[in-house]
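Notes follow the structure.
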Amino acid sequence: MRRRSLRLLAAAAAALSAAALGLAATPSASASASASASPAPASTASDNVVAPAAAAGNQPYASFWYPTTILDWDPATDPDARFNRSRVPLRPRVSDPALKANADARAGEGGIVSLVSFAPTSNNPSQGSLDPRYYAFGHWQYVDKLVFWGGSAGEGLILAPNPTVIDAAHRNGVKVYGTVFFPPTAYGGRIQWVHDFVKKSGTRYPVAEKLAQVAQHYGFDGWFVNQETAGGDAALATELRNTMRYARSLGPVEFMWYDAMTESGSVSWQDALTGANDAFLQEGSQRTSDSMFLDFGWGTSALDSSRTLARSLGRSEYELFAGVDTEANGYDTGVPWSAVFPAGRPHTTSLGLYRPEWTHNSSTSRADSYAREARFWDGANGDPSDTTTTSSWKGLATYVAESSPVTAKPFVTSFDAGQGDFYHSGGVRVSSSGWNNLSLQDVPPTYRWLVRSDGTKLKPSIDFTDAYEGGSALRLTGTLDAVNTVRLYQSRLPVAADTRLSVVLKTPAAGPTHLKAAVAFTDSPTTFTTFDLGSTTSTGWERRTLDLSAYAGRTIAQIGLRTTGTTASYDIRVGQLAVYDGTVDAPSAPTAPTVLGTTDTGAGTRSLRLAWTASSAGDVHHYEVYRRDPDGGRTFLGATPNDSYFVPKLERVGTETSTTLDVEAVSTEFGRSPAASTTVTWSATTSTNLALNRPATASGQCNGTETPAKAVNGSVAGGNGDKWCTLTTAKWLEVDLGASRTLDRFVVKHAAAGGESASWNTRDFTVQVRESTTAPWTTAVTVTGNTAAATTHPVAVTARYVRLAITRPTQTTDPAARVYEFEAWGS
């Protein structure tokens, strides 16, 4: 996609965090897509492969390839493949026009696609991480498709979405696409890559076969294709169309085409559906792609003509997504809204949002991120029914009616946002570590927030200070001086003779809750029937289970809450809402948990890969992994809907010789199975960081504070100055371990580990060792093409002196080497 000027791009890239790294600029002045912020060197695809050996317990990442390397992909031999599978099917959704929040919004017309970069191409963890700061998107009700954005000349052109994003999107009825990106020539693009992509074998298109296989194996829905490399011709453009059509014929895999390459083979953005690009959508009776993303220069005339042409091709105008670039300015972006969503008339086309994660990347805290996301989607007033503002950005709720996946029982939400500073199970804290994992995100409320009151409105919020399940809960606070009705979920839930409505709640002091559960039925969808939740007897979590059998045969259209009475300072938390039939079911236990491998990550810490056989009976929502503690308790290590899980950090307690791990299944009704167990054995010898605070020398330093000692001080959290930096031609850092030591691994923490841009992560380097100052250096580790913030390099060497030698210090042409920590682990 065409970008802003190179100067603006460079400034933005330097300011963004690793998770925000975006797309490379083209020489033109508008918008273009890539995950690298600078030109890539002339090299072969194999030059861009990270060289360090991977131990069996290492972090798995989302898959990425070049057109030639994807041909070698086989899920049976890829050790990361089983960790990248989504197990959550795409949910059906409803959108009742009678229940839309905003009177001006329209249902069943234009939709929204979001192109989101969750992390750099090569650095998307498969199953979440221990970082609680993450783009945990929570407004799925306005989105129809999400593109897992990435791809770069230096990492890989084809990026498959990770399963956490697929799980969350599918749970909300949103389709997910991976990305195929051919960058502009000025930013590393090579037309040979496009030829490799469409290369035939007889009547087959092998890369297309792999695209279909990857999507079906990993469980996502399709691919976004962005071809911006110059040098093509009409024959190549034809073969691109044939490749997409061939892939579509192989099974359920969809394609969205980006308005860049035309039918002549040239790259010429049309900003519309025109005779120059329409064959990429429909060619005669042949459907080429399922939708098209129009570049950002459209206006009223362009979209009107696009609609007319789409209809003449037998296609819906809502399969065209008019692009809006929000990466730089978010809700301060100027948009000709009346062209795409004319007031009082049907939508002209759908809308494409490029990089709406600006709400997270531009924020200063999680609270600020959530406030920005609310402003972006719900409008300036935090009320999707009232989006009046002097700003031209009124919020997407102004135009698009909410959709809801709450269409079948059981429906359970604990208002878990998919991130948190702790983890609770059944109201009990089982981990005090921060985390993110969108696989665990509950369906967010349909309405954020709709409160009706004749007096002071209470304030709903997602509260990260307490939870019943996961890391957050719903909280209502404020002055209660009149009845408040809080609409939460639109739904389509049939009521049977044994249907139950369950509410888990907590009050600051025992006493009246002033709270009622509220449901409306499809025969009168705006009229609520309420159920008093009474008083609490403690300050802990308490459950109320309500019998809905009197309403059997009716269908629940809305679920909400209603408060009554008065109190000057109202404060209540809701930890869970559930609608289910009969009693809460528990699944059978998983079986045969197995540790696939471990990697030592520090003194008494390991990462590990764990797998098991799925429960044979019962509907499983997810599996939880615990370690048994020496004091008889348990500590939560993570969870997944999958049958395998990467544990990022297992800590040895004291001198324990083994740790028992438990895996238990949690049903869709949140009943729990017995645990299945396995054991991790600890060696008698503990590996330590032998470089910590040892004497360090270097080829130079950037200034008086960024000394070699900063790279061995055990810290990356001291700000941008907590590193060794050098601009010397030869760049090296040497550490004297004091005596000859047995080493089992080196760890290097690069620029992004200290909070700087991932474009400054060390790209090419070696680690050398020797026994004495007169002995020659021996190379123990060679790395080329690294993009990660931290790298671990297992070895089996003995040495007193260790040296980090850097041959290419960054992903760009920036000449400075930046190393926050250089660790030598051993005994």
Could you please spell out the steps behind the side chain to side chain donor-acceptor pair (under 3.5 Å) verdict for T164 and N162?
CA-CA 6 Å; T164 58; N162 67 18; 3.0 Å; yes
Decide yes or no for F118 and N436: does some side-chain heavy atom of the first lie under 4.5 Å from some side-chain heavy atom of the second?
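Sidechains of N436 and F118: no contact.
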Side-chain contact test, heavy atoms from C-beta onward, threshold under 4.5 Å: evaluate it for F765 versus T791 and give yes or no.
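A side-chain contact exists here, since the closest heavy-atom pair is under 4.5 Å.
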Any side-chain donor-acceptor pair under 3.5 Å between [X] and [Y]?
X    : Y    : answer
Y820 : E756 : yes
S268 : S266 : no
D295 : Y258 : yes

Lys/Arg-Asp/Glu bridge criterion (N-O < 4.0 Å) met for [X], [Y]:
X    : Y    : answer
D736 : R800 : yes
E327 : R355 : yes
D72  : K210 : no

Distance-only, no hydrogens or angles: does the [X] side chain make a donor-acceptor pair with backbone N or O of [Y] under 3.5 Å?
X    : Y    : result
N761 : A752 : yes
T229 : P183 : yes
S607 : P648 : no
Q419 : L438 : no
D421 : G434 : no
S122 : E155 : no

Could you go through the ring-ring contact (aromatic ring centres under 6.0 Å, His included) check for W73 and Y218 one step at a time?
CA-CA 13 Å; W73 179 78; Y218 284 162; 5.5 Å; yes
If the plane angle is over 60° it's perpendicular, under 30° parallel, otherwise tilted; pick one for F293 and F224.
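Judged by the thresholds at 30° and 60°, the geometry between F293 and F224 is perpendicular.
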May I ask you to decide if the ring planes of Y135 and H360 are parallel, tilted or perpendicular, using 30° and 60° as cut-offs?
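Because their plane-to-plane angle lies in the 30° to 60° range, the rings of Y135 and H360 count as tilted.
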Suppose the criterion is salt bridge (Lys or Arg N to Asp or Glu O under 4.0 Å): which pairs have a residue in residues 687-709, not counting sequence neighbours?
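Listed once each, the pairs are E706-K723.
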For R133, side chain to side chain donor-acceptor pair (under 3.5 Å) partners two or more places apart
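Result, side chain to side chain donor-acceptor pair (under 3.5 Å) vs R133: S363.
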Which residues pass the side chain to side chain donor-acceptor pair (under 3.5 Å) test with S715, not counting sequence neighbours?
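S715: side chain to side chain donor-acceptor pair (under 3.5 Å) contacts with D722.
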Verify whether the ring centers belonging to W777 and Y801 lie closer than 6.0 Å.
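No; Y801 has its ring centre 6.0 Å or more from that of W777.
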Step by step, work out the ring-ring contact (aromatic ring centres under 6.0 Å, His included) result for Y134 and W435.
CA-CA 9 Å; Y134 188 73; W435 60 279; over 10 Å; no
Go through F220 and F148 one step at a time and tell me if the ring-ring contact (aromatic ring centres under 6.0 Å, His included) criterion holds.
CA-CA 10 Å; F220 61 96; F148 194 80; 9.0 Å; no
Chi angles and distances behind the side chain to side chain donor-acceptor pair (under 3.5 Å) call for E823, W825
CA-CA 6 Å; E823 302 171 355; W825 289 84; 2.8 Å; yes
With side chain to side chain donor-acceptor pair (under 3.5 Å) as the test, would you mind laying out the steps for T812 and D814 before giving the verdict?
CA-CA 5 Å; T812 70; D814 189 293; 5.2 Å; no
Positive for side chain to side chain donor-acceptor pair (under 3.5 Å) with R609, one of T598, T599, N58, D80
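Between R609 and the candidates, side chain to side chain donor-acceptor pair (under 3.5 Å) is satisfied uniquely by D80.
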